[in-house]
Amino acid sequence: MKIGVLALQGAFAEHISVLKQLGVTAVAVRLPQELDGLSGLVIPGGESTTISRLMLDYNLMEAIARRAEDGLAVFGTCAGMIVMAREISGNSVPSLRLMAIRVRRNAFGRQVDSFETPLEIPVLGERPFPGVFIRAPFIEECADGVEVLARLDNGTVVAARQGKFLATAFHPELTDDLRLHRYFLDIASGE
Ligand code: GLN
């Protein structure tokens with residue numbers, strides 16, 4: 001199975017490394033033709049304004065949206081989740097509009113810029129997942145058809161799935177817990 005990682009800006013190298021540890025072919029994607037033959041695409045964290053602008057500059061916005069319509073699985077983390085959202089509140093950026101979610105950028109404010117907290121993610125089993133949040137967004141609203149995968153203790157939604165699309169407000173690639181990437185590979189292979 002071949003998985004691409006959008007490598008325009010942000011934490012793409014870490015995703016490539018995790019995917020390789022899981023034994024799949026992982027390639028950096030910077031051009032539309034590099035989407036050919038992929039079963040899945042990871043959109044990393046970073047700065048959504050920059051990632052969104054470069055996607056437009058490199059003609060990737062349309063190319064990814066089209067491939068996603070044709071069944072490409074997509075996994076966005078943090079800024080990647082922002083560019084997958086149908087709606088972005090606050091400072092919006094052009095997005096792929098793949099998932100029927102409304103996200104808020106930099107939602108935790110300056111006081112809690114970054115934090116780490118164990119998350120219960122039932123689809124991954126009982127052991128909590130280490131949630132690493134860095135100037136993170138959260139999901140304010142999910143439409144029907146979106147499955148909530150994880151919430152903070154106060155109820156805030158921080159991970160969701162809609163069919164072949166997976167999004168997390170946090171950074172699984174910065175931990176040594178491989179379960180979310182493995183879960184994405186299951187989605188990409190049609191499970
Ligand atoms: N704050 C960033 C944004 O709004 C996201 C941060 C991240 O990806 N770690 O794009």
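Keep in mind it's a predicted model, so treat the numbers as computed, not measured. Below, each value reflects all heavy atoms present in this structure, side chains not excepted, and no hydrogens, waters or symmetry copies. Counting convention: from 1, in listed order, for ligands and their atoms alike.
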Salt bridge between Arg66 and Glu62, side-chain N to carboxylate O under 4.0 Å?
yes
Heavy atoms of other groups near Asp57 CG, more than 12 under 6.0 Å:
yes
May I ask you to identify the nearest protein heavy atom to atom 2 (C) of ligand 1, giving residue, atom name and distance to one decimal place in Å?
Gly46 O, 3.6 Å
Distance filter under 4.0 Å to Ser48 heavy atoms, resulting ligand 1 atoms
3 (C), 4 (O), 10 (O)
Cys78 versus ligand 1: do any nitrogen or oxygen atoms come within less than 3.5 Å of each other?
no
Of the protein's non-hydrogen atoms, which lies at the shortest distance from atom 4 (O) of ligand 1, and what is that distance?
Arg105 NE, 2.8 Å
Quick check: does Thr77 get an N/O under 3.5 Å from an N/O on ligand 1?
no
Student check: side-chain heavy atoms of Thr77 and His15 closer than 4.5 Å
yes
At under 4.0 Å between heavy atoms, which part of Ile51 makes contact with ligand 1: side chain, backbone, both or neither?
neither
As an exercise, identify every atom of ligand 1 less than 4.0 angstrom from a heavy atom of Ile82.
3 (C), 4 (O), 10 (O)
Show which atoms of ligand 1 fall inside a sub-4.0 Å distance from at least one heavy-atom site of Gly45.
8 (O)
Could you check whether any side-chain heavy atom of Ile51 comes within less than 4.5 Å of a side-chain heavy atom of Val93, counting everything from C-beta outward?
no
Would you mind checking which non-hydrogen protein atom is closest to atom 1 (N) of ligand 1, with the distance to 0.1 Å?
Asn106 OD1, 2.6 Å
Would Arg135 count as a polar contact of ligand 1, with the cut-off being nitrogen or oxygen pairs under 3.5 Å?
yes
Per-atom contacts of ligand 1 with His171, taking only distances under 4.0 Å to non-hydrogen atoms:
7 (C), 8 (O), 9 (N)
Among Arg104, Arg105, Arg86, which residue meets the salt bridge (Lys or Arg N to Asp or Glu O under 4.0 Å) test with Glu140?
Arg104
